[in-house]
Amino acid sequence: MTKIIDGKEISRIIRAEQKKKVEILVENTGIVPGLAVILVGEDPASQSYVRSKRRACKKMGVSSHDFNFAPDISEQELLDLINILNEDPEIHGILVQLPLPKHIDDNKILLAISPDKDVDGFHPQSLGKLVIGMETFFSCTPFGIIKLLEYSNIEIEGKHVCIVGRSNIVGKPMANLLLRKDKTGNATVTVCHSRTKDISYHTKQADIVIAAIGKPEFITADMIKDNAIVIDVGINRVNDPEAERGYKLVGDVDYSEVSKKTSFITPVPGGVGPMTITMLMYNTILSATRFAEKKKMEK
Ligand code: GUN
């Protein structure tokens, strides 16, 4: 029988620990962690993610500074806002929800965010530090996956992990986290993508498969070896006339068949999803703590 990795429960444990950290920080220093959450446009999925992020802030005692813009905001206006937020001592994290409208260059915006406030871990400096093993902010979804494995007592060291998907948000930082020389790294990593010749050949060799391709139920049972561990990052909306909302959420993994072969698997929803927001809170609280320590040193 496969074990289901309960992302909601692991999130609850981490959020409770982090909420305590906020209380102690506020009591000792008067500093309330502050997160700027910037949303451009009206993409329903982005709106839903941002709502959840803002709700999480409230529950954790993190102050959420909300910015919503019409899709026609100019790149310069957005850059001007980020420059102001970079200097604002009440803001410890800046999150720009991606994707941005086509006329705005994502990379230009991400580059403008101060690395000290890059709680999404998307700035090239954060990613570079991750690659060479320096302290930085880790991207929230890959970091959340490491925590899911850690809390499930799954050893990573020496395992063969196959990541399907090479995005800047998940695949690439995930591969580099798993390669780090520490106990939640030291894995042997394969990264597959849309141009990989025979994805199934690679996934079948892996002890752990991480699916992050954004294709509903792409990973099928024949692609997985017996007793593998499967982590599903996908959240795909597929039409479902029987559902009240007209759609249902499915992952990148054919859960009903794949789960018959695995030793551990994450469900969708309730697996990786809640961890992304939890690790965003974690990074924001870490940033506020670093800010408080820096302030103390300056005194
Ligand atoms: N779009 C999809 N996932 C993410 C995320 O983790 N952070 C941001 N900022 N945008 C996203």
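Indexing begins at 1, ligand by ligand and atom by atom, following the structure's order.
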Run F143 and F137 through ring-ring contact (aromatic ring centres under 6.0 Å, His included) and show every step you take. CA-CA 9 Å; F143 193 16; F137 293 112; 9.8 Å; no
If you look at each N/O of ligand 1, which protein N/O atoms lie under 3.5 Å away, and at what distance?
from, atom 1, to, atom 2, distance (Å)
ligand 1, 1 (N), Q97, NE2, 3.3
ligand 1, 1 (N), L98, O, 2.9
ligand 1, 7 (N), D120, OD1, 3.3
ligand 1, 7 (N), D120, OD2, 3.3
ligand 1, 9 (N), V96, O, 2.8
ligand 1, 9 (N), D120, OD2, 2.6
ligand 1, 10 (N), Q97, NE2, 3.4
ligand 1, 10 (N), L98, N, 3.0

With sequence neighbours left out, the residues meeting salt bridge (charged side-chain N to carboxylate O under 4.0 Å, His left out) with E9 are R12
Compute whether any side-chain donor of one residue and acceptor of the other, for D118 and S126, lie under 3.5 angstrom apart. yes
Please tell me whether S200 and H202 have a donor and an acceptor in their side chains that are separated by less than 3.5 angstrom. no
Output yes when D182 and R180 qualify as a salt bridge under the 4.0 Å nitrogen-oxygen rule, no when they do not. yes
Donor-acceptor contact below 3.5 Å, side chain K159 vs main chain E155: yes
